[in-house]
Amino acid sequence: MSQVWLISGSPGCGKTNWILNTFKNYSGNCGYLRLGGYSEINLEQAINSKIDFAFLKDQIHNLLDLSISNSISEKDKENILIIIEFPQFFIPKSQGINGVDLRIINELEKYNFQPNRYLHFGRDPELSIKDTLDFRAIESISLDLKKHIWDPASLNTFWFELVNGAYGDVYRAKALMNLPDGRYILFNWIVSQQGSQYQTLNQVAPLNGRPERCSEIVIQGKNLNFESIKSTIHNCLLNDAVLDHHQTSLRNSQLQTARR
Amino acid sequence: MNQAVISCLHANLPAVEAVLKDIELQGITNITCLGDLVGYGPQPNEVIELIRDKKIPTCQGCWDEDVVDGLDACDCSYPSQLAEKRGHFAHQWTTDKLTKENKDYLANLPYSIRKDKCLFVHGSPNSQHEYLLPDMDAFAALERVENARAEILFCGHTHQPYIRELADGSIAVKIKNAAPKDIQEKEIQLPMRRIVNAGSVGEPRHGGTKATYVVHNEVTNEVKIREVEYDLELTCKAIIDAGLPPIFAWRLKNGFEFAEQAEDASHVCER
(Lines give C-alpha, C1' and ligand atoms only; values in the text may rest on other atoms or scores of the structure.)
Protein backbone atom coordinates (compact mmCIF):
# COMPACT_ATOMS: atom_id res chain seq x y z
CA MET A 1 0.00 0.00 0.00
CA SER A 2 1.40 3.40 -0.92
CA GLN A 3 1.47 6.46 1.32
CA VAL A 4 1.58 10.02 -0.02
CA TRP A 5 2.74 12.71 2.37
CA LEU A 6 2.88 16.45 1.79
CA ILE A 7 5.56 18.45 3.59
CA SER A 8 5.64 22.25 3.54
CA GLY A 9 7.36 25.06 5.39
CA SER A 10 9.19 28.35 4.96
CA PRO A 11 12.59 28.46 3.20
CA GLY A 12 15.39 26.85 5.18
CA CYS A 13 13.18 25.26 7.83
CA GLY A 14 14.69 21.81 7.31
CA LYS A 15 12.18 20.11 5.01
CA THR A 16 14.71 18.26 2.89
CA ASN A 17 16.77 16.96 5.81
CA TRP A 18 13.61 15.75 7.52
CA ILE A 19 12.58 13.98 4.32
CA LEU A 20 16.02 12.37 4.00
CA ASN A 21 15.82 10.98 7.54
CA THR A 22 12.29 9.73 6.94
CA PHE A 23 13.35 7.90 3.77
CA LYS A 24 16.40 6.45 5.52
CA ASN A 25 14.13 4.98 8.20
CA TYR A 26 11.70 3.56 5.68
CA SER A 27 12.32 0.06 4.38
CA GLY A 28 10.14 0.15 1.25
CA ASN A 29 10.36 2.10 -2.01
CA CYS A 30 10.69 5.87 -1.82
CA GLY A 31 9.50 8.49 -4.27
CA TYR A 32 10.01 12.25 -4.19
CA LEU A 33 8.50 15.26 -5.86
CA ARG A 34 9.23 18.91 -5.27
CA LEU A 35 6.67 21.57 -6.16
CA GLY A 36 7.68 25.19 -6.59
CA GLY A 37 5.13 26.67 -4.19
CA TYR A 38 3.49 30.04 -4.72
CA SER A 39 4.77 33.55 -4.25
CA GLU A 40 2.77 35.85 -1.99
CA ILE A 41 2.79 39.65 -1.76
CA ASN A 42 6.42 40.68 -1.03
CA LEU A 43 7.32 37.00 -0.58
CA GLU A 44 8.87 35.59 -3.71
CA GLN A 45 9.45 31.87 -4.08
CA ALA A 46 12.72 30.66 -5.54
CA ILE A 47 12.58 28.75 -8.81
CA ASN A 48 11.69 25.13 -8.39
CA SER A 49 15.26 24.02 -7.90
CA LYS A 50 16.56 20.53 -8.67
CA ILE A 51 19.05 20.77 -5.81
CA ASP A 52 16.90 18.92 -3.29
CA PHE A 53 16.22 15.98 -5.57
CA ALA A 54 19.88 15.73 -6.61
CA PHE A 55 20.91 15.72 -2.95
CA LEU A 56 18.29 13.14 -1.91
CA LYS A 57 19.06 10.90 -4.90
CA ASP A 58 22.74 10.98 -3.97
CA GLN A 59 21.88 9.77 -0.48
CA ILE A 60 19.05 7.33 -1.40
CA HIS A 61 20.13 5.52 -4.54
CA ASN A 62 16.81 3.93 -5.43
CA LEU A 63 14.82 7.13 -4.90
CA LEU A 64 12.21 7.57 -7.63
CA ASP A 65 11.93 10.94 -9.35
CA LEU A 66 8.20 11.59 -9.51
CA SER A 67 8.60 14.70 -11.66
CA ILE A 68 9.14 12.27 -14.53
CA SER A 69 5.88 10.75 -15.72
CA ASN A 70 5.58 6.97 -15.57
CA SER A 71 8.57 6.77 -13.22
CA ILE A 72 6.66 4.36 -10.94
CA SER A 73 6.00 0.86 -12.15
CA GLU A 74 3.12 -1.16 -10.75
CA LYS A 75 5.67 -3.15 -8.77
CA ASP A 76 7.21 0.05 -7.32
CA LYS A 77 3.80 1.21 -6.17
CA GLU A 78 3.64 -1.57 -3.60
CA ASN A 79 4.64 -0.33 -0.21
CA ILE A 80 5.98 2.99 -1.54
CA LEU A 81 6.36 6.14 0.53
CA ILE A 82 5.89 9.22 -1.62
CA ILE A 83 6.88 12.55 -0.14
CA ILE A 84 5.93 15.76 -1.90
CA GLU A 85 7.78 18.83 -0.69
CA PHE A 86 6.81 22.43 -1.35
CA PRO A 87 7.81 25.77 0.15
CA GLN A 88 5.04 27.78 1.79
CA PHE A 89 5.39 31.00 3.76
CA PHE A 90 2.08 30.96 5.63
CA ILE A 91 0.82 28.50 8.24
CA PRO A 92 -2.18 26.50 6.96
CA LYS A 93 -5.48 27.60 8.48
CA SER A 94 -6.78 24.07 9.06
CA GLN A 95 -5.19 20.97 10.50
CA GLY A 96 -4.22 17.94 8.43
CA ILE A 97 -5.12 17.45 4.78
CA ASN A 98 -7.86 20.09 5.00
CA GLY A 99 -5.17 22.72 5.36
CA VAL A 100 -3.53 22.07 1.99
CA ASP A 101 -3.52 25.10 -0.31
CA LEU A 102 -6.08 24.53 -3.08
CA ARG A 103 -3.52 25.52 -5.69
CA ILE A 104 -1.35 22.62 -4.53
CA ILE A 105 -4.34 20.25 -4.62
CA ASN A 106 -5.00 21.31 -8.21
CA GLU A 107 -1.35 20.84 -9.11
CA LEU A 108 -1.33 17.36 -7.63
CA GLU A 109 -4.22 16.28 -9.80
CA LYS A 110 -2.02 16.08 -12.86
CA TYR A 111 0.24 13.68 -11.02
CA ASN A 112 -2.75 11.67 -9.84
CA PHE A 113 -1.57 11.68 -6.24
CA GLN A 114 -4.02 11.51 -3.35
CA PRO A 115 -2.21 12.73 -0.23
CA ASN A 116 -3.08 10.98 3.01
CA ARG A 117 -0.91 13.05 5.35
CA TYR A 118 0.08 16.71 5.44
CA LEU A 119 2.69 18.22 7.77
CA HIS A 120 3.78 21.85 7.91
CA PHE A 121 6.91 23.10 9.68
CA GLY A 122 5.85 25.56 12.35
CA ARG A 123 2.40 24.00 12.77
CA ASP A 124 2.82 20.31 13.41
CA PRO A 125 4.63 19.36 16.62
CA GLU A 126 6.41 16.32 15.13
CA LEU A 127 8.49 18.71 13.00
CA SER A 128 11.28 20.94 14.30
CA ILE A 129 10.42 24.62 14.70
CA LYS A 130 14.03 25.77 15.10
CA ASP A 131 14.36 27.50 11.72
CA THR A 132 10.76 28.31 10.88
CA LEU A 133 11.28 32.00 10.33
CA ASP A 134 8.40 34.38 9.71
CA PHE A 135 9.51 36.21 6.59
CA ARG A 136 7.77 39.50 5.82
CA ALA A 137 9.58 40.30 2.58
CA ILE A 138 11.81 38.10 0.55
CA GLU A 139 13.17 38.11 -2.97
CA SER A 140 14.77 35.17 -4.69
CA ILE A 141 17.41 34.65 -7.28
CA SER A 142 18.87 31.52 -8.72
CA LEU A 143 21.47 30.56 -11.26
CA ASP A 144 21.80 27.37 -13.23
CA LEU A 145 25.46 26.36 -12.97
CA LYS A 146 25.27 23.08 -14.84
CA LYS A 147 28.64 22.15 -16.39
CA HIS A 148 30.36 24.91 -14.45
CA ILE A 149 33.26 24.13 -12.15
CA TRP A 150 34.47 26.40 -9.37
CA ASP A 151 37.94 27.43 -8.36
CA PRO A 152 37.78 26.05 -4.78
CA ALA A 153 39.48 29.01 -3.09
CA SER A 154 37.28 31.48 -4.97
CA LEU A 155 34.17 29.54 -3.96
CA ASN A 156 35.26 29.82 -0.35
CA THR A 157 35.61 33.59 -0.64
CA PHE A 158 32.36 34.05 -2.55
CA TRP A 159 30.32 32.00 -0.08
CA PHE A 160 31.83 33.86 2.86
CA GLU A 161 30.99 37.22 1.29
CA LEU A 162 27.51 36.06 0.26
CA VAL A 163 26.35 34.84 3.67
CA ASN A 164 27.95 37.81 5.43
CA GLY A 165 25.95 40.36 3.46
CA ALA A 166 28.30 41.59 0.75
CA TYR A 167 25.62 41.24 -1.92
CA GLY A 168 22.53 42.15 0.10
CA ASP A 169 20.74 40.71 3.13
CA VAL A 170 20.76 36.98 2.51
CA TYR A 171 18.31 34.96 4.62
CA ARG A 172 18.72 31.66 2.88
CA ALA A 173 21.20 30.22 0.41
CA LYS A 174 21.73 26.75 -0.91
CA ALA A 175 23.80 25.44 -3.75
CA LEU A 176 25.22 22.35 -5.35
CA MET A 177 28.67 23.04 -6.71
CA ASN A 178 31.20 21.12 -8.81
CA LEU A 179 34.88 21.19 -7.92
CA PRO A 180 37.72 20.38 -10.35
CA ASP A 181 38.64 17.19 -8.49
CA GLY A 182 35.19 15.74 -9.21
CA ARG A 183 33.68 16.52 -5.82
CA TYR A 184 30.07 17.57 -5.62
CA ILE A 185 29.32 19.75 -2.61
CA LEU A 186 26.06 20.86 -1.08
CA PHE A 187 26.15 24.28 0.57
CA ASN A 188 23.34 25.20 2.91
CA TRP A 189 22.88 28.35 4.93
CA ILE A 190 20.04 29.95 6.86
CA VAL A 191 20.26 33.22 8.72
CA SER A 192 19.03 31.67 11.98
CA GLN A 193 21.97 29.28 12.17
CA GLN A 194 25.60 29.93 12.91
CA GLY A 195 27.79 28.98 9.99
CA SER A 196 27.06 27.08 6.80
CA GLN A 197 26.53 23.37 6.35
CA TYR A 198 28.81 21.78 3.76
CA GLN A 199 28.32 18.23 2.65
CA THR A 200 30.39 16.40 0.09
CA LEU A 201 28.03 14.13 -1.80
CA ASN A 202 28.79 10.54 -2.78
CA GLN A 203 28.91 11.22 -6.51
CA VAL A 204 32.38 11.90 -7.86
CA ALA A 205 32.71 13.12 -11.44
CA PRO A 206 35.49 11.73 -13.66
CA LEU A 207 38.54 13.96 -14.11
CA ASN A 208 37.65 14.61 -17.67
CA GLY A 209 35.65 17.64 -18.76
CA ARG A 210 32.51 19.01 -17.23
CA PRO A 211 29.88 16.90 -15.45
CA GLU A 212 26.30 16.92 -16.71
CA ARG A 213 24.75 16.70 -13.25
CA CYS A 214 22.59 19.39 -11.60
CA SER A 215 24.47 22.41 -10.30
CA GLU A 216 22.56 25.45 -9.08
CA ILE A 217 22.58 28.21 -6.54
CA VAL A 218 19.43 29.61 -4.93
CA ILE A 219 19.57 32.76 -2.82
CA GLN A 220 16.70 34.35 -0.92
CA GLY A 221 16.83 37.61 0.97
CA LYS A 222 16.32 41.34 0.64
CA ASN A 223 18.01 43.98 -1.52
CA LEU A 224 20.00 41.32 -3.34
CA ASN A 225 22.47 42.63 -5.90
CA PHE A 226 21.92 40.10 -8.65
CA GLU A 227 24.38 41.67 -11.10
CA SER A 228 27.16 41.72 -8.55
CA ILE A 229 26.47 38.12 -7.54
CA LYS A 230 26.50 37.03 -11.18
CA SER A 231 29.74 38.83 -12.00
CA THR A 232 31.47 37.51 -8.88
CA ILE A 233 30.38 33.95 -9.67
CA HIS A 234 31.64 34.43 -13.23
CA ASN A 235 35.06 35.34 -11.82
CA CYS A 236 35.10 32.17 -9.71
CA LEU A 237 34.38 29.66 -12.50
CA LEU A 238 37.18 27.87 -14.29
CA ASN A 239 37.62 28.24 -18.03
CA ASP A 240 38.42 25.21 -20.20
CA ALA A 241 42.18 25.77 -20.21
CA VAL A 242 42.47 26.14 -16.45
CA LEU A 243 40.12 23.21 -15.85
CA ASP A 244 42.16 21.03 -18.19
CA HIS A 245 45.33 22.06 -16.37
CA HIS A 246 43.80 21.10 -13.00
CA GLN A 247 42.39 17.81 -14.23
CA THR A 248 45.59 16.78 -16.01
CA SER A 249 47.57 17.43 -12.88
CA LEU A 250 45.08 15.46 -10.75
CA ARG A 251 45.06 12.54 -13.22
CA ASN A 252 48.87 12.42 -13.18
CA SER A 253 48.89 12.50 -9.42
CA GLN A 254 46.37 9.61 -9.29
CA LEU A 255 48.51 7.62 -11.75
CA GLN A 256 51.62 8.12 -9.63
CA THR A 257 49.76 7.02 -6.50
CA ALA A 258 48.47 3.92 -8.29
CA ARG A 259 51.99 2.95 -9.41
CA ARG A 260 53.40 3.06 -5.88
CA MET B 1 63.80 60.34 20.22
CA ASN B 2 60.82 58.67 18.61
CA GLN B 3 60.45 57.68 14.99
CA ALA B 4 57.26 56.54 13.31
CA VAL B 5 57.10 53.80 10.70
CA ILE B 6 54.12 53.52 8.37
CA SER B 7 53.41 50.96 5.66
CA CYS B 8 50.89 49.72 3.11
CA LEU B 9 48.90 52.91 2.57
CA HIS B 10 47.03 51.49 -0.43
CA ALA B 11 45.65 54.76 -1.74
CA ASN B 12 43.45 55.23 1.33
CA LEU B 13 43.77 59.01 1.82
CA PRO B 14 41.55 59.45 4.91
CA ALA B 15 43.53 56.73 6.69
CA VAL B 16 46.89 58.26 5.75
CA GLU B 17 45.77 61.73 6.86
CA ALA B 18 44.54 60.37 10.19
CA VAL B 19 47.78 58.51 10.86
CA LEU B 20 49.95 61.51 9.95
CA LYS B 21 47.83 63.63 12.27
CA ASP B 22 48.30 61.10 15.07
CA ILE B 23 52.06 61.15 14.49
CA GLU B 24 52.09 64.96 14.50
CA LEU B 25 50.14 65.07 17.77
CA GLN B 26 52.93 63.05 19.39
CA GLY B 27 55.51 65.55 18.18
CA ILE B 28 57.21 62.97 15.97
CA THR B 29 58.91 64.38 12.89
CA ASN B 30 61.02 61.39 11.90
CA ILE B 31 58.80 59.17 9.71
CA THR B 32 59.71 56.32 7.38
CA CYS B 33 57.28 54.70 4.96
CA LEU B 34 57.64 51.09 3.85
CA GLY B 35 55.81 51.39 0.55
CA ASP B 36 52.66 50.14 -1.15
CA LEU B 37 51.40 53.68 -1.48
CA VAL B 38 48.94 52.48 -4.11
CA GLY B 39 46.77 49.50 -4.98
CA TYR B 40 43.07 48.76 -4.42
CA GLY B 41 42.32 52.13 -2.82
CA PRO B 42 40.64 55.07 -4.58
CA GLN B 43 43.12 57.95 -4.20
CA PRO B 44 46.56 56.85 -5.43
CA ASN B 45 47.73 60.25 -6.72
CA GLU B 46 46.57 62.09 -3.61
CA VAL B 47 48.38 59.66 -1.30
CA ILE B 48 51.62 59.79 -3.30
CA GLU B 49 51.49 63.60 -3.40
CA LEU B 50 50.94 63.82 0.35
CA ILE B 51 53.95 61.57 1.04
CA ARG B 52 56.04 63.53 -1.46
CA ASP B 53 54.97 66.91 -0.02
CA LYS B 54 55.94 65.79 3.46
CA LYS B 55 59.26 64.44 2.12
CA ILE B 56 58.80 61.15 3.97
CA PRO B 57 61.59 58.69 3.10
CA THR B 58 59.84 55.74 1.44
CA CYS B 59 60.79 52.26 0.21
CA GLN B 60 59.23 50.75 -2.86
CA GLY B 61 56.45 48.26 -2.16
CA CYS B 62 55.33 45.37 -4.34
CA TRP B 63 52.33 47.30 -5.70
CA ASP B 64 54.49 50.35 -6.38
CA GLU B 65 56.89 48.17 -8.35
CA ASP B 66 54.18 46.32 -10.28
CA VAL B 67 52.29 49.45 -11.25
CA VAL B 68 55.42 51.16 -12.49
CA ASP B 69 56.91 48.22 -14.34
CA GLY B 70 53.67 47.61 -16.20
CA LEU B 71 53.74 44.04 -14.97
CA ASP B 72 50.78 42.21 -13.67
CA ALA B 73 50.69 42.09 -9.92
CA CYS B 74 52.52 39.08 -8.61
CA ASP B 75 50.01 36.42 -9.74
CA CYS B 76 51.44 33.64 -7.66
CA SER B 77 50.63 35.48 -4.45
CA TYR B 78 46.90 35.51 -5.15
CA PRO B 79 45.08 32.92 -3.11
CA SER B 80 42.28 32.43 -5.60
CA GLN B 81 41.17 33.12 -9.14
CA LEU B 82 38.67 35.62 -7.77
CA ALA B 83 41.35 37.51 -5.83
CA GLU B 84 43.55 37.51 -8.90
CA LYS B 85 40.83 38.98 -11.10
CA ARG B 86 40.07 41.64 -8.51
CA GLY B 87 43.77 42.38 -8.14
CA HIS B 88 44.23 42.71 -11.88
CA PHE B 89 41.28 45.08 -12.07
CA ALA B 90 42.71 47.24 -9.28
CA HIS B 91 46.13 47.12 -10.92
CA GLN B 92 44.80 48.32 -14.27
CA TRP B 93 42.62 50.98 -12.64
CA THR B 94 45.57 52.32 -10.63
CA THR B 95 47.89 52.28 -13.65
CA ASP B 96 45.35 54.29 -15.64
CA LYS B 97 44.83 56.84 -12.86
CA LEU B 98 48.43 57.57 -11.89
CA THR B 99 50.09 60.63 -13.35
CA LYS B 100 53.41 60.21 -15.11
CA GLU B 101 55.10 62.27 -12.43
CA ASN B 102 53.80 60.00 -9.70
CA LYS B 103 54.76 56.87 -11.64
CA ASP B 104 58.29 58.29 -11.95
CA TYR B 105 58.32 58.91 -8.22
CA LEU B 106 57.33 55.28 -7.49
CA ALA B 107 59.88 54.03 -10.02
CA ASN B 108 62.71 55.78 -8.24
CA LEU B 109 61.92 54.61 -4.74
CA PRO B 110 64.68 52.55 -3.12
CA TYR B 111 64.16 48.88 -2.19
CA SER B 112 65.43 49.55 1.31
CA ILE B 113 66.44 52.38 3.62
CA ARG B 114 69.12 52.03 6.28
CA LYS B 115 69.34 54.28 9.33
CA ASP B 116 72.11 53.21 11.70
CA LYS B 117 71.07 49.88 13.22
CA CYS B 118 67.64 49.89 11.55
CA LEU B 119 66.81 48.53 8.13
CA PHE B 120 63.51 49.45 6.50
CA VAL B 121 62.04 47.25 3.76
CA HIS B 122 58.59 46.56 2.38
CA GLY B 123 58.51 42.73 2.42
CA SER B 124 61.89 41.36 3.42
CA PRO B 125 65.52 42.18 2.64
CA ASN B 126 65.24 39.55 -0.13
CA SER B 127 62.17 40.79 -1.96
CA GLN B 128 59.30 43.23 -1.83
CA HIS B 129 57.04 40.21 -2.35
CA GLU B 130 58.25 38.04 0.53
CA TYR B 131 56.04 37.89 3.60
CA LEU B 132 57.75 37.84 6.97
CA LEU B 133 54.89 36.37 8.95
CA PRO B 134 54.76 36.64 12.74
CA ASP B 135 54.96 32.86 13.14
CA MET B 136 57.61 32.15 10.52
CA ASP B 137 60.41 29.76 11.40
CA ALA B 138 62.69 31.46 13.93
CA PHE B 139 65.87 30.46 12.14
CA ALA B 140 64.62 31.88 8.84
CA ALA B 141 63.52 35.05 10.62
CA LEU B 142 66.91 35.49 12.29
CA GLU B 143 68.65 34.78 8.99
CA ARG B 144 66.74 37.64 7.31
CA VAL B 145 67.76 40.15 9.98
CA GLU B 146 71.35 38.94 10.40
CA ASN B 147 72.09 38.79 6.68
CA ALA B 148 70.76 42.33 6.33
CA ARG B 149 73.25 43.42 9.03
CA ALA B 150 70.49 45.05 11.04
CA GLU B 151 69.52 45.02 14.68
CA ILE B 152 65.96 45.94 13.93
CA LEU B 153 64.29 45.06 10.67
CA PHE B 154 61.18 47.14 9.97
CA CYS B 155 58.86 45.58 7.42
CA GLY B 156 55.26 45.66 6.22
CA HIS B 157 53.53 43.72 3.42
CA THR B 158 51.66 41.25 5.69
CA HIS B 159 49.35 44.03 6.97
CA GLN B 160 49.54 42.38 10.39
CA PRO B 161 51.47 44.49 12.89
CA TYR B 162 53.78 42.63 15.24
CA ILE B 163 57.00 42.87 17.19
CA ARG B 164 59.14 39.75 17.23
CA GLU B 165 62.21 39.42 19.42
CA LEU B 166 64.84 36.91 18.39
CA ALA B 167 66.94 36.40 21.52
CA ASP B 168 69.88 34.08 22.32
CA GLY B 169 70.61 33.37 18.67
CA SER B 170 73.84 31.78 17.59
CA ILE B 171 75.42 30.52 14.42
CA ALA B 172 77.42 27.28 14.59
CA VAL B 173 79.88 26.53 11.81
CA LYS B 174 81.54 23.14 11.40
CA ILE B 175 84.16 22.57 8.72
CA LYS B 176 85.86 19.30 7.84
CA ASN B 177 89.20 19.91 6.21
CA ALA B 178 90.78 17.53 3.71
CA ALA B 179 93.06 16.07 6.35
CA PRO B 180 91.33 13.30 8.31
CA LYS B 181 90.03 14.23 11.72
CA ASP B 182 90.78 17.88 11.10
CA ILE B 183 87.41 19.31 12.01
CA GLN B 184 87.00 22.91 13.02
CA GLU B 185 83.97 24.16 14.87
CA LYS B 186 82.98 27.66 15.74
CA GLU B 187 79.91 29.12 17.39
CA ILE B 188 79.08 32.79 17.21
CA GLN B 189 76.64 34.25 19.73
CA LEU B 190 74.30 36.85 18.29
CA PRO B 191 72.82 39.80 20.12
CA MET B 192 69.06 40.11 20.23
CA ARG B 193 67.52 40.98 16.89
CA ARG B 194 64.02 42.24 16.24
CA ILE B 195 61.55 42.22 13.42
CA VAL B 196 58.95 44.95 13.63
CA ASN B 197 56.01 44.85 11.27
CA ALA B 198 54.23 48.18 10.94
CA GLY B 199 50.91 46.66 9.82
CA SER B 200 48.90 48.68 7.35
CA VAL B 201 47.57 52.21 7.25
CA GLY B 202 45.18 51.73 4.34
CA GLU B 203 44.19 48.05 4.45
CA PRO B 204 44.42 46.63 7.97
CA ARG B 205 44.50 42.87 8.50
CA HIS B 206 44.37 42.64 12.26
CA GLY B 207 40.71 41.85 12.67
CA GLY B 208 39.61 45.47 13.01
CA THR B 209 39.19 48.51 10.83
CA LYS B 210 41.68 50.86 12.48
CA ALA B 211 44.82 51.93 10.63
CA THR B 212 48.03 50.72 12.27
CA TYR B 213 51.62 51.94 12.41
CA VAL B 214 54.51 51.73 14.88
CA VAL B 215 56.49 54.16 17.01
CA HIS B 216 60.09 53.29 17.89
CA ASN B 217 62.04 55.02 20.61
CA GLU B 218 65.59 55.10 19.36
CA VAL B 219 67.01 55.59 22.85
CA THR B 220 65.11 52.95 24.83
CA ASN B 221 64.46 50.72 21.79
CA GLU B 222 60.85 50.45 22.89
CA VAL B 223 58.39 49.80 20.06
CA LYS B 224 54.67 50.50 20.26
CA ILE B 225 51.97 49.50 17.81
CA ARG B 226 49.41 52.25 17.41
CA GLU B 227 45.87 51.91 16.07
CA VAL B 228 44.15 54.96 14.61
CA GLU B 229 40.50 55.44 13.75
CA TYR B 230 39.77 57.22 10.51
CA ASP B 231 36.77 58.17 8.40
CA LEU B 232 36.10 54.76 6.93
CA GLU B 233 32.83 55.87 5.32
CA LEU B 234 34.70 58.53 3.38
CA THR B 235 37.08 55.94 1.93
CA CYS B 236 34.22 53.57 1.12
CA LYS B 237 32.34 56.34 -0.66
CA ALA B 238 35.48 57.24 -2.61
CA ILE B 239 35.85 53.58 -3.67
CA ILE B 240 32.30 53.53 -5.05
CA ASP B 241 32.62 57.00 -6.64
CA ALA B 242 35.87 55.99 -8.31
CA GLY B 243 34.22 53.03 -10.02
CA LEU B 244 36.22 50.45 -8.13
CA PRO B 245 34.38 47.23 -7.22
CA PRO B 246 31.92 47.87 -4.35
CA ILE B 247 33.15 44.66 -2.74
CA PHE B 248 36.39 46.53 -1.89
CA ALA B 249 34.36 48.96 0.22
CA TRP B 250 32.43 46.14 1.86
CA ARG B 251 35.59 44.24 2.74
CA LEU B 252 37.33 47.33 4.13
CA LYS B 253 34.28 48.31 6.18
CA ASN B 254 34.14 44.87 7.75
CA GLY B 255 37.80 44.71 8.63
CA PHE B 256 38.75 42.35 5.82
CA GLU B 257 41.63 43.09 3.49
CA PHE B 258 40.79 43.82 -0.15
CA ALA B 259 42.21 40.52 -1.30
CA GLU B 260 42.71 37.58 1.01
CA GLN B 261 46.20 36.54 1.93
CA ALA B 262 47.74 33.68 -0.01
CA GLU B 263 47.56 30.26 1.63
CA ASP B 264 51.30 29.96 1.30
CA ALA B 265 52.10 33.48 2.29
CA SER B 266 55.76 32.66 2.81
CA HIS B 267 56.33 32.28 -0.90
CA VAL B 268 58.81 34.49 -2.70
CA CYS B 269 57.81 35.53 -6.17
CA GLU B 270 60.50 34.54 -8.63
CA ARG B 271 58.98 36.31 -11.56
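Per chain, numbering begins at 1; letters A, B, ... match sequence-line order.
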**Student:** Kindly write out the residues that satisfy ring-ring contact (aromatic ring centres under 6.0 Å, His included) with B/F256, not counting sequence neighbours, or none if the list is empty.
**Tutor:**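 With sequence neighbours excluded, B/F256 shows a ring-ring contact (aromatic ring centres under 6.0 Å, His included) to A/F160, B/W250, given in chain and number order.
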**Student:** Give the minimum heavy-atom separation between B/L82 and A/N235, together with the two atoms involved.
**Tutor:**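 Answer, listing the atom of B/L82 first, then A/N235: CD1-CB, 3.6 Å.
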**Student:** Which one of A/L237, A/L155, A/N156, A/N225 has the most heavy-atom pairs closer than 4.5 Å to chain B?
**Tutor:**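 Heavy-atom pair counts peak at A/L237.
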**Student:** Of all the heavy-atom pairs spanning B/K85 and A/H234, show the shortest one and how long it is.
**Tutor:**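 Scanning both residues completely, I find the closest heavy atoms to be NZ-O, 4.5 Å.
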**Student:** Can you list everything that forms a ring-ring contact (aromatic ring centres under 6.0 Å, His included) with B/Y105? Sequence neighbours excluded, please.
**Tutor:**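 Result, ring-ring contact (aromatic ring centres under 6.0 Å, His included) vs B/Y105: none returned.
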**Student:** Identify the two heavy atoms, one from A/A153 and one from B/P79, that lie closest to each other, and give their separation to 0.1 Å.
**Tutor:**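 Scanning both residues completely, I find the closest heavy atoms to be CB-O, 3.2 Å.
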**Student:** Should we count NZ of A/K50 as having more than 12 external heavy atoms under 6.0 Å?
**Tutor:**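 Check fails, neighbour count at 12 or below.
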**Student:** Taking everything shown except B/F139 itself, do over 12 heavy atoms lie less than 6.0 Å from its CZ?
**Tutor:**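 Counting other residues, nucleotides and ligands, CZ of B/F139 stays at 12 neighbours or fewer.
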**Student:** Nearest heavy-atom pair of B/Q81 and A/D151: which atoms, and what distance?
**Tutor:**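 Between these two residues, the closest heavy atoms are N-OD2, 2.9 Å.
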**Student:** Just checking B/E229: does its CD atom have more than 12 heavy atoms from other residues, nucleotides or ligands closer to it than 6.0 angstrom?
**Tutor:**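 Incorrect, the count does not exceed 12.
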**Student:** Under 4.5 Å heavy-atom distance to chain B, tell me which part of A/T232 shows up: side chain, backbone, both or neither.
**Tutor:**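 Both backbone and side chain.
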